[in-house]
Amino acid sequence: MKGFDQVEVTLDNTRHYMWYKRHDGSDQRALFVVNLPAAASLADVKKFFERVAIGATIQEYTPSVLSDYPQEVWVNMSRLTSDLDLSVDSPKYRLPKNSAIVTFVDKSACQLAVSGLKKVGEVEWPSAGAMAHYYASKYQAKYRDAEELAVEVSEALAEFGSAERQSMQNLQKPLVDDDGFTMVVGSHRKTKRGLLGKQKLAQTVESTKAAAKLKKKEKEDFYRFQLRQRKKEEMNDLLRKYKEDQERVKTLKEKKRFRPY
Amino acid sequence: MGKRQRRVSFATDVTEHSEPARDEAPAADVSDAPADGDDDVPSSDDGEVDDDDDADVAAPPAKRRPHHKLEASALALARETAEVFKSNIFKLQTDELLQELAIKPSHVALVEKVLHRLHEVIQAVPDSEALSVSSAESFSDQVSVPWPEPKPTSTNYTFQYKKPESVDLVGSFGLKAGTSMSRSIDLCVTMPSELFQAKDYLNYRALYKRCFYVAWLAHHMAKLANKHHLPVKISYHLIGGDVLNPGLKIESVTTDDAKNLHFAKTKFWVQVMVALPMHMFEGKKLLPDKNCIRIQASSESLPPTPLYNASVVSSTTPTHYLRWIYTTKKQCDGFKDALMLGRTWLAKRGFSGNITKGGFGSFEWSVLMAALLAGGSPDGSKQLLHGFSSYQLFKGTIKYLAEVDLLNDGYLSFTSELGSTSSSRYKAEGFRTPTIFDKHAKLNVLWKMTPDSYLELREYARESLALLNDVVRDRFDALMLQGTSSKPATMQFDMVLAMDPTPVAADIAFGPLEKISYITFDNYLRHRVGAVLRAALGSRVTSMAIESTSPQSWSLSKRKPALGNGHYSICLRLNADEYAKQVTKGPTSADSEDDQSKFRGFWGSKASLRRFKDGVIQHCVVWNGTDKEPVVVQIAKYVLNQHVADGLGEHVALQGWDILKQLPKSTSAPGAGWAALRSSFDELARAVVGLDLPLRVKSVLPASSGLRQTSVLEPVPFAVASPDYWNDAVVQFEYSTRWPDELVALEKTKAALLLKMKAMLEDTGNWRGAMVEDDESIPFVTQTILQMASVKTGYGFALRVVTERDETMYLRAVQHGGASLKHVLQDVYLKFYRQAVAKVKHTRTVGGLVTAFPAFSETCRIIKRWFDAHLLLSHFGDELIELLVLKVFTDPAPFAAPHSAPSAVLQVLQFLATWNWKESPLILDLVRDANERDDGLSERLTVSSYKVIEDNFAKIRASDPSALKTQLFVGSKDDPSGILWSHDVSLPMASRMTALARAALQASSEQAMFTPVLGDYDFVLHLDKSSAPSAPLSGVMPPSAFKNLSNIPQSLPGDFSQPHNLHWLLFDDLERRFGQVVLFSTAKYQVAGGAAVVAGIFVPAYLAKRRFKPTLGFDIKPAGGDEVELNRDGVMAQVKRLGGELVSRIDVKN
């Protein structure tokens, strides 16, 4: 199926199917596995490959973030809100839900795993069910140690600061837009996207103000034709509303809404 | 030149040449039209029109295409209705309603035939001889004479039947204003005057004579009807519920004989009333303050007998009033339609001319309307004009009922004399009984009403007047089509007490004096109980209805109808601000000794003299209301024992309040938690604002259900296991341009500030905090939250930072996401907006309404508990449910605004059960002004903002006509989009809510209403009870246990990261992993009685086969070729594994 091979495992006496293929651009060392059982950990995957092919030693196991996330695709909000070159996209964010990349120590280990998977008919998935402490530890992981968090925050902000400085230097060169105007960059505005967004907003506010001003000056009941035009519009409006109402009552009537009993 | 041009343009657009519209908008209210004359429909010219235009209209050009003619007439109609009626839509709907109400012409023809034949039958009844009592009583074996109590004994007068003076068709059928809603046709048989003597008005004599007349008539009609081919069943029937006035009820009997006249299919029946001749008795002697039943009594003067007098007088008037009303109707085009509208309005509110149903029906309505057409104000100026449209007449009458007091302040005096020109006037000083007095007939037309029923009617009129004055939306439905009368009393009234006086009936003093004043025991009891309760409850209640059922018809062979079941319902509308007060205050020591002794006399041993804080010494009664027995019930029981019959209080039971038991008992003092939580929050806010941070904090805003008094569990200090323990709050900093222009860094900056905040607050020693990461509330964004709990007060808050940069970021993401991600990113933005902006706004709005509607908080909590009991709470969310509950408080029509939680809960369920989400947007006006005048400063919804919201709904429905995507639309000023809180409610959950609400209204007990139905789910995981959250740690008193203080936490735990609800964590984990293919449901408040289950339904869209793709993202199995399908068994196995030891049993639907 589309270059994928299928492998069947048993999970508490029910059948579970996984698909795998060699992962592109990993010098033949990694497998892309689709539809892993829920909450498959590195230990589970290790044990599984021990059962399938002894010697297929795993170096790295990268499960998709989405497997344990209530969304179907991952969106990088940093990239969408800024064009700063910040974090490198980790593959775990790009993998589809319930899939993973299993990287083996070397090419031969990977080869061993593939041939093992092809040979084996049906394997028992190694992990046991979740325990209460699984949820407890998951919950506790959300609570961050203040010092650790402080270090993480300051690192992240430092990284952001330097990326921002880099971008500022690039921006200092004058920018000429489509209409030939030179864009002036204030010292507190930092990125191109931020700048454009702001400008657009200002324009719309300005234009509505201008329109309002123009309207104020205009006298609406000076000419006879204006008066007549207004009367006519009012009449037409009244008629239109009447017809709308008629229509509404008609639909209500069709729904037998006028039965008072 | 100008003229020529105009002609040309006329041909192209006719509308230009009609007169200009009035200054008023079409929807504007014009019913209070100038009262400057009797001229017809306000003429349409307007002064503004110039002469040329008028000339054109007068002489339209010959060349006019028919299409334009049509338009012109439609336009004329549109203009007329816009001015004369409230709005076009109201007029059009009225027309439809009237059409629906009209009796079928074929039925009218048939009924007329029947009436002719009945007339023949009556004319054929033979005269009797003059009989004595004993022979009159036994004139027939089959027919008993329906004597009232007391039976006539030896008399010096005789009983006789003679040909009636006249037989007339009266009532609404006679006025040709009959509706298909009421099924009785009134036929009036007037007795000849030679049967009476002038003194017969005394001591039931005239009434006894009539009883014999009725019996004779019935006996012979029953015999003669078959001969005239009119097979009927005849029974006795109380006219207007008046026991002194028995008449006949004639129903069609179906036979096989084709010659016979059958009218059963019309569903009509004929009510024959026997009238006394008009002006037979001297009106002066039968005035309401006269005594006409002479008995031997110890006291010097006998009490007046108003009921008896009115019954006698009104018996003389049916044909007279018919004539008078008919004359008025002839003069006023809109009269008939207005009468039909009024009648429908009354019927929808359970009113009719029957004594037991308020005593105000279509007859009283038409008399009032006719009287108002002849005046009505103190100076006799007209309240209604003959040229008014039916809508204006209707509204004017409602307005009069709503605004004019006919009980205490004054009464309406009019004359029904034909051809009289004297106007009716409102006269000051009322009679403490509702009064509309006819000077001509010397009759109080409202004699069948009690003060209680009058006050209730007035309350309805006030509500309806508000609806009629509503220019924002179309209120026809609530006014005319939806009724409350068919709904249970517990839904209509704030409090319903069932009373069964039978066991103590002997102790209730019903002597001869009471008998002549009140005629029946039932009537006396209702008056007595009403008077006592009104005196005792005072301002605690706004209106009261005492209802009982008694049969109105009975067989000819019996003298009296069977007794009713003897049960009474005392239905109260409460004054929300007053009803729960623990103290009933009386006169102060400075008041007159008379008042003081009266108060002491009324309250007996309960009365006490107290000194209040302000130094006043006052008589008062102190109550200690409980949940089971609120103060009002205690007072009612006490005074009924004291003043009606000893022991009666024990036979009074409060109805429907068991539902309050569904709210869990808190371990701290009930009701105290909210204020304490709020003050603890204020303390935190002050502390945070005062911190010396790099950027100053502008404000800390509340955003949790606990802080707006709507959380299911009351806030309890240190109850960290409660799902409502951590109260959300939003921290706003002063404006800064230095926030990072990138989302992740922005969040990190917020985290840095929160870290500082935590350290500084903890340094004070009053607060303990923890940093928590939240990666779920807003998808793809990891936010940091600061949990802060007060060491002293024990309440917890979860602080988030919101900056002015956030919204720009999310909008930018939507802009840059491209078409493929648009949907996802809009959802992200919406979730952000909810959390950062909308929750704060919502908390502010609802927080304000909580004080305006004292019953709201409790109602909301019970309804949330109901949603949770049915595993729906997590699908709807707190805010949405609060808005749904607010519907019945801010827009209660057709009900009266509820003032107690039990009735409000039923009204909410009724609303949920009947609202059609597919067709109607729910638009709420959540502004409560102290003065609801439209001085231009009101914050209420305007026509245009209402229209905007309506248009938003129309747009949504245009793209999703069958409402598959968006079911619930709840718009308000805070959220014109209407989907902010409801866009993720899926169709199955929405329809489940509707179905469950319907079932709840049918449920036999409160317990059944809250029992979840698990059979509909594909699978149900029953969770291990031993791992359920602990009740005392959640602040809930365990139902079976005694208050064990040792279990209740007294301090904060050492570590906030200790999980308390593993079930909730399991549910969350399942949602994250399988939420795409399975709709999971669980109860959030297990400690409050929610079931310990996680139930799941497979989403049908994922059950179909599809081509294999590595990106499908859910558990699949091969299904032949390169197709795959959902591996249901696999999902189940994985769910079971994830559940592990937390799951005790799994039920799978086959």
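Chain identifiers are assigned alphabetically (A, B, ...) following the order of the sequence lines, protein sequences preceding nucleic acid strands; residue numbering begins at 1 within each chain. Small disclaimer: the values here were computed from a predicted structure and weren't measured.
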_Atom of B/Thr1111, atom of A/Pro96 and distance for their closest heavy-atom approach_ =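 Taking B/Thr1111 first and A/Pro96 second, the nearest heavy atoms are CA-CB, 3.6 Å.
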*Apply side chain to side chain contact (heavy atoms under 4.5 Å, CB included) to the pair B/Arg1073 and A/Asp68, showing each step before the final yes or no.*
CA-CA 5 Å; B/Arg1073 296 182 190 280; A/Asp68 186 15; 3.7 Å; yes
Contact part of [X] toward chain A, heavy-atom cut-off under 4.5 Å: side chain, backbone, both or neither?
{"X": "B/Leu98", "answer": "neither"}
{"X": "B/Val824", "answer": "side chain"}
{"X": "B/Phe1114", "answer": "backbone"}
{"X": "B/Leu821", "answer": "side chain"}
{"X": "B/Leu1112", "answer": "neither"}
{"X": "B/Val814", "answer": "neither"}
{"X": "B/Asp774", "answer": "neither"}
{"X": "B/Thr749", "answer": "both"}
{"X": "B/Lys756", "answer": "neither"}

Please tell me if the side chains of [X] and [Y] come closer than 4.5 Å, counting only heavy atoms from C-beta onward.
{"X": "B/Gln1134", "Y": "A/Trp125", "result": "no"}
{"X": "A/Leu11", "Y": "B/Arg1137", "result": "yes"}
{"X": "B/Pro1110", "Y": "A/Phe4", "result": "yes"}

Working to the nearest 0.5 angstrom, can you tell me the gap between [X] [atom1] and [Y] [atom2]?
{"X": "B/Ile785", "Y": "A/Arg144", "atom1": "CD1", "atom2": "CZ", "value": "13.0 Å"}
{"X": "B/Met809", "Y": "A/Leu80", "atom1": "CE", "atom2": "CG", "value": "11.5 Å"}
{"X": "A/Tyr134", "Y": "B/Leu1062", "atom1": "OH", "atom2": "CG", "value": "12.5 Å"}
{"X": "A/Lys250", "Y": "B/Glu96", "atom1": "NZ", "atom2": "CD", "value": "11.0 Å"}
{"X": "A/Tyr139", "Y": "B/Asp1068", "atom1": "OH", "atom2": "CG", "value": "11.0 Å"}
{"X": "A/Gln71", "Y": "B/Asp827", "atom1": "CD", "atom2": "CG", "value": "6.5 Å"}

Among [options], residue most engaged with chain B (heavy-atom pairs, under 4.5 Å):
{"options": "A/Ala146, A/Ser99, A/Ala39", "answer": "A/Ala39"}
{"options": "A/Leu36, A/Thr14, A/Val75", "answer": "A/Val75"}
{"options": "A/Val65, A/Asp145, A/Val73", "answer": "A/Val73"}
{"options": "A/Gln229, A/Glu233, A/Lys138", "answer": "A/Lys138"}
{"options": "A/Asn13, A/Asp237, A/Leu157", "answer": "A/Leu157"}

Sub-3.5 Å donor-acceptor pair from the side chain of [X] to the main-chain atoms of [Y], do we have one?
{"X": "B/Ser1057", "Y": "A/Tyr143", "answer": "no"}
{"X": "B/Asn1127", "Y": "A/Arg15", "answer": "yes"}
{"X": "A/Tyr69", "Y": "B/Phe780", "answer": "yes"}
{"X": "A/Asn35", "Y": "B/Ile1116", "answer": "yes"}

*Are any of the side-chain nitrogens in A/Asp12 or B/Lys1136 under 4.0 Å away from the carboxylate oxygens of its partner?*
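B/Lys1136 and A/Asp12: not salt-bridged.
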Which of the residues [options] is involved in the greatest number of heavy-atom pairs with chain A at under 4.5 angstrom?
{"options": "B/Asp1115, B/Leu746, B/Asp1129", "value": "B/Asp1115"}
{"options": "B/Lys748, B/Gln1076, B/Glu776, B/Glu773", "value": "B/Glu773"}
{"options": "B/Ser486, B/Gly1075, B/Pro1059", "value": "B/Pro1059"}
{"options": "B/Gln99, B/Lys1109, B/Gln787", "value": "B/Gln787"}

*Just do the side chain to side chain contact (heavy atoms under 4.5 Å, CB included) check on B/Leu1138 and A/Tyr135 with the steps written out, would you?*
CA-CA 10 Å; B/Leu1138 286 172; A/Tyr135 295 107; 3.6 Å; yes
*Does A/Tyr17 have any ring-ring contact (aromatic ring centres under 6.0 Å, His included) partners at least two apart in sequence or in another chain, and if so, which?*
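Partners of A/Tyr17 under the ring-ring contact (aromatic ring centres under 6.0 Å, His included) test: none.
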*Would you say A/Lys21 has more than 12 foreign heavy atoms packed within less than 6.0 Å of its NZ?*
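Buried by this count: over 12 neighbours within 6.0 Å.
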*Decide yes or no on side chain to side chain contact (heavy atoms under 4.5 Å, CB included) for A/Gln140 and B/Gln1058, but give the supporting numbers first.*
CA-CA 7 Å; A/Gln140 277 156 352; B/Gln1058 204 54 45; 3.7 Å; yes
*Listed by chain and number, what are the side-chain contact (heavy atoms from CB on, under 4.5 Å) partners of A/Glu244, not counting sequence neighbours?*
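Counting only residues at least two positions away or on another chain, A/Glu244 forms a side-chain contact (heavy atoms from CB on, under 4.5 Å) with A/Arg240.
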*Walk me through it: do B/Val744 and A/Met77 pass the test side chain to side chain contact (heavy atoms under 4.5 Å, CB included)?*
CA-CA 8 Å; B/Val744 176; A/Met77 292 300 280; 5.6 Å; no
*asked:* Is the ring pair B/Phe1108/A/Trp19 parallel, tilted or perpendicular, if the boundaries are 30 and 60 degrees?
replied: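 Judged by the thresholds at 30° and 60°, the geometry between B/Phe1108 and A/Trp19 is tilted.
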